[in-house]
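Chain letters run A, B, ... following the sequence lines, proteins first, then strands; residues in each count from 1. The basis for the numbers below is simple: all heavy atoms, side chains too, and nothing from hydrogens, waters or symmetry mates.
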Number of protein chains: 2
Amino acid sequence: MKDVARVAGVSLGTVSNVLNQPDLVSPATRRRVVDAIAQLGFVRNESARQLRAGRSRTIGLVVLDVSNPFFTDVARGAETAAAENGSIIMLCNSGQKVEREARYLDLLEEQRVQGVLITPVGSDNARLDLLVARGTPVVLVDRGTEHPNWCSVAVDDVLGGLAAVSHLIERGHRRIAFVGGPMGLRQVSDRHVGAVKAMTDGGRDPGELMLFETTWLTLSSGRQAGERIVGLSEAERPTGVFCANDLLALGVLQALAGHGLRVPHDVAIVGYDDIDYAAAAAVPLSSVRQPRELIGRTATELLLDEMREGSSHQHRRVTFKPELAIRASSDMRRRRSSSARTARAARPAV
Amino acid sequence: MKDVARVAGVSLGTVSNVLNQPDLVSPATRRRVVDAIAQLGFVRNESARQLRAGRSRTIGLVVLDVSNPFFTDVARGAETAAAENGSIIMLCNSGQKVEREARYLDLLEEQRVQGVLITPVGSDNARLDLLVARGTPVVLVDRGTEHPNWCSVAVDDVLGGLAAVSHLIERGHRRIAFVGGPMGLRQVSDRHVGAVKAMTDGGRDPGELMLFETTWLTLSSGRQAGERIVGLSEAERPTGVFCANDLLALGVLQALAGHGLRVPHDVAIVGYDDIDYAAAAAVPLSSVRQPRELIGRTATELLLDEMREGSSHQHRRVTFKPELAIRASSDMRRRRSSSARTARAARPAV
DNA sequence: CCAAGGGATTGACACGTTTCAAACATTGAG
DNA sequence: CTCAATGTTTGAAACGTGTCAATCCCTTGG
């Protein structure tokens with residue numbers, strides 16, 4: 001900037017004004033400065049701006065798994081909303097590891113980000129509380145909270161789990177399994193709670209709900225769970241499987257197909273998230289749909305509101321309702337010989 | 001830091017030493033400083049560090065589409081390599097838009113990133129040349145280059161296209177189509193060139209290769225292309241389709257299935273990238289496999305090398321060979337009634 | 001012709017670090 | 001007791017901006 005000022009024959013302050021408040025500068029000088037900038041190929045130094053401003057123009061988004069299309073869709077929504085505000089999203093992948101999550105939070109705090117949007121790995125709030133206490137707003141993504149110190153955007157996962165398993169029960173399935181994990185993840189445990197509730201509501205013994213716990217929410221974890229299901233005798237084997245997310249469901253589907261089990265005839269499957277690949281799967285996958293981009297967008301907007309409103313901000317909790325999309329993977333009435341329909345019926349949950 | 005210094009009863013310089021060169025500080029004072037830091041909850045200001053250092057510890061990665069699992073895998077590889085070096089990856093999504101790409105490059109340059117890893121949208125090098133001229137190293141990802149000013153990591157896309165279409169020809173297909181676009185993307189045009197070459201090598205008229213150009217490399221673009229294919233009469237319809245990437249291939253597959261066409265019986269499909277969902281598709285998808293994480297890792301390492309070596313750096317071009325993974329979607333000999341095999345044969349290309 | 005007013009420009013300071021020469025303290029040798 | 005050597009600690013000077021009170025210059029009304 002000093003060079004620009006010299007070349008344009010003006011003071012440093014004027015250059016700054018041209019960049020930040022052009023209206024204050026006369027057209028003639030403005031022109032000279034702009035030319036000098038072009039001539040020298042001057043590029044603003046964002047670090048210095050941040051240092052001066054005290055805050056960066058970056059928002060941190062910490063997700064569980066960038067390879068999961070659910071999260072990239074959330075990220076896209078967040079990115080759009082941030083761009084409208086001149087902010088940018090810094091995408092961080094915790095990979096479901098507490099240490100990596102902590103490392104990224106450190107990094108983000110050191111960068112003095114405007115705020116953090118996060119789907120936390122654990123349920124330990126201490127680190128996040130610290131962040132908030134030091135002045136970095138936090139918005140919980142894809143998880144509700146009763147915590148007074150932050151906003152949250154979530155989908156009612158209990159309702160989603162309920163809808164999925166109610167659907168399986170309604171279709172006549174008796175041996176039903178839940179595939180998902182780790183249970184430490186709130187999304188997983190909530191969906192499980194919903195599944196259990198559906199059993200109760202359907203007049204079943206909730207203890208009957210079989211549980212296949214997985215370590216990750218990935219395709220390969222799903223394949224492993226699928227192998228375990230395949231390994232069971234026909235009498236033990238569940239006929240309806242609800243998976244905590246679509247990646248697991250796709251993995252299970254792959255494993256079953258690999259062993260010659262037919263979906264939905266031998267085993268029906270319902271996933272969660274309704275990622276684009278769900279409808280494109282070997283057997284189009286029934287799934288509980290979440291408004292993925294909207295979640296990201298809303299979380300970002302809550303954060304921006306919080307920043308603007310300052311101390312007068314009232315933390316808000318936004319909860320969306322999930323929708324069950326019924327496709328071929330579960331769309332067959334048990335104990336009937338009706339052929340699987342492939343209708344893409346999407347209907348409101350519950 | 002000033003506060004820490006005061007509380008610990010030392011000077012500012014000492015606090016800095018504790019943080020950066022602890023060995024220089026006596027254990028006793030070091031202890032006092034560390035305690036003060038903990039007590040005050042002091043967090044380094046990365047902006048100030050960067051300002052002082054002149055460079056950030058961030059590496060920019062600009063990809064065409066974060067929703068494409070190919071790129072998230074590349075990102076994972078890059079992230080791992082960066083972490084080993086104490087750097088972090090900032091993931092930017094150009095969404096195949098030139099303006100967004102330009103905007104992100106501006107942003108990255110303003111942040112004084114260590115370097116930029118990029119899969120460019122266009123073939124206009126001017127903006128990147130500027131970056132390099134001003135001192136920000138650039139590594140091209142997933143695209144080769146003859147340009148002297150930067151390193152590149154690529155996969156031989158001509159070879160990949162060649163392998164895919166040769167495979168279709170060898171399986172007895174006569175009407176073959178290429179689905180992909182925009183042709184402005186080097187990856188797409190190279191794969192197309194390979195496809196044309198395969199026609200020639202197979203003794204066909206390259207003019208016979210049908211072309212379905214798409215706007216994007218996405219599932220929905222694939223579905224649209226699929227609809228166009230379905231719309232053709234049986235006599236015109238290609239029996240073998242090579243798609244420029246797996247998302248397109250999955251889209252085509254979905255459209256065909258939706259209209260009752262059987263894959264591979266009526267139409268065989270080969271994709272590109274071999275993303276995880278390829279093997280999990282409705283019909284497991286034949287695909288040209290690229291070492292996705294390795295691409296990201298290698299690109300990052302090239303960049304770090306370039307930074308370390310400074311002006312003595314020799315730009316390098318790394319090229320990987322793709323491998324064709326043959327699965328059910330193309331694994332049937334034309335004009336024979338043999339049933340589709342589901343073998344997961346992966347064999348070296350060509 | 002003067003004073004007041006207003007737009008345009010300036011200059012100095014602050015932001016939070018790192019760095020490095022200089023000052024200081026301690027020790028051991030002569 | 002002095003000096004040199006070694007090990008610690010200090011203080012001040014950058015780094016590149018944004019801000020804001022102060023100054024300058026020009027116009028306008030009296």
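- The residue A:V43 sits close only to the backbone: its heavy atoms come under 4.0 Å of sugar-phosphate atoms, none of a base.
- Between B:S16 and C:dT17, a side-chain N or O to OP1/OP2 separation shorter than 4.0 Å is absent.
- Along DNA chain D, the nucleotide nearest B:T29 and the nucleotide nearest B:R112 are compared for position; the residue whose nucleotide lies closer to the 5' end is B:T29.
- Taking only side-chain nitrogens and oxygens, A:S11 never comes nearer than 4.0 Å to OP1 or OP2 of C:dT9.
- Between A:Q21 atom CD and D:dT17 atom P the separation is 16 Å, expressed in whole Å.
- Atom pair B:L19:CG and C:dT19:P shows a separation of 12 Å (rounding to whole Å applied).
- Residue B:D23 contributes atom CG, which lies 13 Å from atom C1' of D:dT8 at whole-angstrom precision.
- If you check the side chains of A:S47 and B:Q50, you find a donor sitting under 3.5 Å from an acceptor.
- Defined by atom type and a distance below 3.5 Å, a donor-acceptor pair is present between the side-chain atoms of B:D273 and B:Q290.
- One can place CG of B:N45 at 5 Å from P of C:dT17, the figure rounded to the nearest angstrom.
- Residues B:A48 and B:L24 each lie close to DNA chain D; by heavy-atom proximity, the contact nearer the 5' end of the strand is made by B:L24.
- Taking atom CG of residue B:L51 and atom C1' of nucleotide D:dA14, one finds them 9 Å apart after rounding to whole Å.
- Side chain B:R49 to base C:dT17: no donor-acceptor pair is found below 3.5 Å.
- As a whole-Å value, the separation of B:R52 CZ from D:dG16 P is 10 Å.
- Atom-to-atom, CG of B:N17 to P of C:dA21 comes out at 14 Å; the value is rounded to the nearest Å.
- At least one side-chain nitrogen or oxygen of B:R44 sits closer than 4.0 Å to the OP1 or OP2 atom of C:dT18.
- At a threshold of 4.0 angstrom between heavy atoms, the contacts of A:M1 are confined to the sugar-phosphate backbone, with no base atom among them.
- The nearest heavy atom of DNA chain C to A:L12 and to A:P27 marks one nucleotide each, and the one closer to the 5' end goes with A:P27.
- The pair B:E46-B:R57 counts as a salt bridge, with a side-chain nitrogen and a carboxylate oxygen less than 4.0 angstrom apart.
- Across all their heavy atoms, B:S87 and B:L304 have their closest contact at OG-CD2, 4.4 Å.
- When only modelled atom types and interatomic distance are considered, B:N45 and A:E110 share no side-chain donor-acceptor pair under 3.5 Å.
- In this structure, B:V33 reaches neither bases nor backbone, as no heavy-atom distance under 4.0 Å exists between it and the strands shown.
- In this structure, B:S26 reaches the D:dT9 phosphate: one of its side-chain N or O atoms is under 4.0 Å from OP1 or OP2.
- Counting to the nearest Å, the P atom of C:dC15 and the CD atom of B:E46 are 19 Å from each other.
- With no hydrogens or angles considered, no side-chain donor-acceptor pair links A:D65 and A:Q96 at under 3.5 Å.
- With 3.5 Å as the limit, one finds no donor-acceptor pair spanning the side chains of A:T58 and A:Q114.
- Over its full length, the helix from C:dC1-D:dG30 to C:dG30-D:dC1 turns its helical axis through 60°, comparing axes from the five pairs at each end and rounding to 10°.
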message: Applying salt bridge (charged side-chain N to carboxylate O under 4.0 Å, His left out) to A:D106 and B:R44, what does each step give before you reach the verdict?
response: CA-CA 9 Å; A:D106 288 347; B:R44 275 151 110 118; over 6 Å; no
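- The side chain of B:N20 contributes an N or O atom lying less than 4.0 Å from OP1 or OP2 of C:dT18.
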